[in-house]
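The structure presented is a predicted model; accordingly, all values stated were derived computationally and were not measured. Note that these values count all heavy atoms, side chains included, but never hydrogens, waters or copies made by symmetry. Order of appearance sets the numbers: ligands from 1, and atoms from 1 within every ligand.
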Amino acid sequence: MPITDPMPVLTGTEHSAHLAELTRNGVRVLIGTVVDMAGVTRAKTVPVRRADAFHATGMGASPTWNVFCIDNAIAFTDRLGVVGDLRLRADLTALRTIGGGYAWAPAEFFTQHGLPSPGCARGRLRSVQAAAEAAGLTARVGHELEFTLTDRDGASLPRERWQAYGLGAVLDRGGLLADLASTLEAAAVPVEQLHAEYGTGQFELSLAPAAPLDAADQVTLARLLIGQVAREHGMLVSFSPLPFDGGAGNGAHVHLSLARDGGPLLSGGSGPYGLTEQGAAAVAGIVDGLPRMLGVFAGSVLSAARLRPGLWSGAFACWGLENREAAVRLLAATPGNPHGANVELKCVDPSANVYLATCAVLALARDGIERKALLPAEVRTDPAADPSAVRLPATQEAALDALEGSATARAVLGDDIVSALLAVRRHEQRGYGGMSPAALAERFRFAWSS
Ligand code: GLU
Ligand code: MG
């Protein structure tokens, strides 16, 4: 599928108004970010007077930006070599002022002739969202961000003082968490809640549901701001799937709800827990397609070390109401669920590219609806105790091999993205796949941090 829905372009008058507002707000530098295939956020920055140029014609970027690896190697492919250049254009319609003299905008890759680059993850999600909407399907996506704070040298916070979900853990970091809440609020990133998680030094912040592209942008910005606030408090933040061996992993759970012509698909129907026929088919499509798409959701060299039974990371390709060991947890429409029914995809981790993970879950849901997929039986217990439960691919190699064979992945993401994804992940696997989880956790603790 080509990228069909172009980035909105500001008129000259809108440009001038933007520039005046940025200057009024004391902005000196505009940061434009892209998330690459390895899940790392890369950036170009310009002085604020160059904001228009960043938007209209863009800044130069080698096509290899998409195949930079977590160790900063470049995983050249037969499509991506040393020749050629792309333009990185900031989407100023999504611009936010973020304090400290900075503004931020997500950027997209274009060719030098001004066409959307087929390898651009954000451009891809824009098109996937537009195609779903054109087919009458509206999605809302809510992200959870788990992250682990460390001291300024990258060492764990003291284990003996940590209490899972503890008040003490929150009060110990009270200033940082309060700054986080106000910084995100000021940047219009809608925080739903913020709490201490299970693992030592681990916290979680969840964001309100939004349209898929906006929700993915919010994750990118939130990760930037969490890094910035942590630095101000003399700490570092890890978004690694496994920050410390033996401790809890960091997930990046994705909540999805769907509606057709304004009516919800995951509630109000006659299926289990009120699923409509199409809602049940969407859930079935996600459950069926997960093993082949896992390389998009949790494909890094550290992903398999997190995605194990017993860690609430969703290591089994099954669904269940409020089942925290199922990769697909259904949250039904109850008075206790003000955002309405949704499914939570738990297997996703923060080494994934959030734009591509969103494309993938939407594609699986649509695929299920289109082929009227039958909802498999619900798993009502811990799937580890159910011999019929299907475990998701348990190694990086298995996840990548499955992805390579996925027609749905190629159809939704395109060959450029799939080949680039496989190239960076296979580089990880070849170079580091033989290392112990402890050594890997240490080596790549900050690979996905901003
Ligand atoms: N930290 C777990 C993970 O790796 C998730 C815990 C939870 O259910 O919030 O996904
Ligand atoms: Mg959590």
| task | Any chance you could lay out the side-chain contact (heavy atoms from CB on, under 4.5 Å) test for Trp448 and Ile70, step after step, and finish with the verdict? | result | CA-CA 8 Å; Trp448 295 277; Ile70 54 173; 3.7 Å; yes
| task | Would you check, one step at a time, whether the test side-chain hydrogen bond (donor to acceptor under 3.5 Å, both in side chains) holds for Thr64 with Ser62? | result | CA-CA 5 Å; Thr64 55; Ser62 153; 2.5 Å; yes
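Checked against a 3.5 angstrom limit, the closest N/O atoms of Gly249 and ligand 1 fall inside it. Checking only distances, His253 does come within under 3.5 Å of ligand 1, N or O to N or O. Residue contacts with ligand 1: Arg306 is placed with a nitrogen or oxygen under 3.5 Å of a nitrogen or oxygen of the ligand (distance criterion only). By the 3.5 Å distance cut-off applied to N or O atoms, Lys346 is counted among the residues near ligand 1.
Only the backbone of Leu311 comes within 4.0 Å of ligand 1, counting heavy atoms alone; no side-chain atom from C-beta on gets that close. Neither the backbone nor the side chain of Glu144 comes within 4.0 Å of ligand 1, counting heavy atoms alone. Under 4.0 angstrom from ligand 1, there are no non-hydrogen atoms of Ala248.
The aromatic rings of His195 and Tyr165 lie parallel to each other, with less than 30° between the two planes, well short of the 60° mark.
Not a single N, O or S atom of Glu144, from either the backbone or the side chain, sits less than 2.8 Å from the Mg ion (ligand 2).
The angle subtended at the Mg ion (ligand 2) by OE2 of Glu146 and OE1 of Glu204 is 100°, given to the nearest 10°.
Counting all heavy atoms, side chain and backbone alike, Gln202 lies closest to Trp162 at O-CZ2, 3.3 Å. Taking both residues in full, the closest heavy atoms of Arg425 and Ser351 are given as NH2-O, 2.7 Å, listed atom of the first, atom of the second, then distance.
Rounding to the nearest 0.5 Å gives a distance of 9.5 Å between CG of Leu88 and CD of Glu108.
Protein heavy atom at the shortest distance from atom 6 (C) of ligand 1 is Glu146 OE2, 3.4 Å.
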